[in-house]
Amino acid sequence: MRIIVHNDKCQGHARCWAHAPDVFKLDDEGYILPGDIEVSERDELLATRGARSCPERALEIDRAFDVLLDRFLFNQACGGFNT
């Protein structure tokens with residue numbers, strides 16, 4: 001899972017950090033650091049809660065890669081892609 005960070009929306013509430021301090025890194029003023037965040041599977045629940053707690057919607061959960069990977073693995077397990 002990846003979290004897309006929209007720094008221009010962050011207002012420094014630090015609610016994301018309150019849920020997942022190991023995932024969300026803040027600067028000295030409480031604003032999230034720039035750059036998207038790759039979240040390990042073990043941190044996904046807390047990271048999702050943190051991202052959804054942002055009142056400014058500065059954090060976007062991107063699961064598209066996970067969905068594509070799941071489809072690929074499913075098709076591979078079922079004998080490959082049908083064309």
Side-chain angles (χ1 to χ4, degrees):
M1 178 176 96
R2 179 174 67 128
I3 296 181
I4 301 168
V5 177
H6 301 283
N7 286 90
D8 56 325
K9 294 181 180 181
C10 180
Q11 296 296 308
H13 298 288
R15 290 183 183 176
C16 58
W17 178 84
H19 286 281
D22 293 334
V23 174
F24 300 102
K25 304 301 180 196
L26 308 179
D27 65 16
D28 293 337
E29 296 177 1
Y31 292 88
I32 193 153
L33 295 178
D36 296 343
I37 303 166
E38 294 296 329
V39 179
S40 67
E41 189 174 335
R42 67 179 172 88
D43 292 328
E44 283 186 4
L45 179 61
L46 293 177
T48 299
R49 287 180 183 166
R52 289 183 177 161
S53 73
C54 179
E56 308 302 334
R57 300 293 178 236
L59 303 168
E60 178 183 345
I61 300 168
D62 180 13
R63 294 184 189 269
F65 179 77
D66 294 340
V67 170
L68 292 173
L69 180 60
D70 287 346
R71 285 183 188 163
F72 173 76
L73 294 174
F74 174 78
N75 284 326
Q76 193 175 39
C78 292
F81 293 99
N82 291 328
T83 55

If only atom types and distance count, is the side chain of Asp36 paired as donor or acceptor with the main-chain N or O of Arg2 below 3.5 Å? no
Kindly indicate, with the supporting measurements, whether the criterion side chain to side chain contact (heavy atoms under 4.5 Å, CB included) is fulfilled by Arg15 and Cys54.
CA-CA 6 Å; Arg15 290 183 183 176; Cys54 179; 6.0 Å; no
Test side-chain contact (heavy atoms from CB on, under 4.5 Å) applied to Leu45 and Arg49, Arg42, Glu41, the passing residue: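 The side-chain contact (heavy atoms from CB on, under 4.5 Å) with Leu45 is passed solely by Arg49 among Arg49, Arg42, Glu41.
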Check your understanding: In a check of side-chain contact (heavy atoms from CB on, under 4.5 Å) between Phe24 and each of Leu33, Leu59, Val39, Leu46, which one passes?
Key ->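 Single pass found, and it is Leu59.
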Flag side-chain contact, heavy atom, 4.5 Å: Cys16 against Ile32
yes
Which residue pairs satisfy the side chain to side chain donor-acceptor pair (under 3.5 Å) criterion with at least one member in residues 22-31, sequence neighbours excluded?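 Pairs touching residues 22-31 that pass the test: none.
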Show the nearest heavy-atom pair for residues [X] and [Y], with the distance to one decimal.
| X | Y | value |
| --- | --- | --- |
| Ile3 | Ala51 | CD1-CB, 4.2 Å |
| Cys10 | Ala58 | N-CB, 3.7 Å |
| Asn7 | Gly35 | OD1-N, 4.0 Å |
| Ser53 | Gly50 | OG-O, 2.7 Å |

When rounded to the nearest 0.5 Å, the distance separating CZ of Arg52 from CD of Glu60 is 12.5 Å
Sorted by chain and residue number, the salt bridge (charged side-chain N to carboxylate O under 4.0 Å, His left out) partners of Asp43 (sequence neighbours excluded) come out as none
Please enumerate all residues that pass side chain to side chain donor-acceptor pair (under 3.5 Å) together with Glu56, with sequence neighbours excluded.
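Only His13 meet the side chain to side chain donor-acceptor pair (under 3.5 Å) criterion with Glu56.
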Working for side chain to side chain contact (heavy atoms under 4.5 Å, CB included), residues Met1 and Thr48: CA-CA 9 Å; Met1 178 176 96; Thr48 299; 3.7 Å; yes
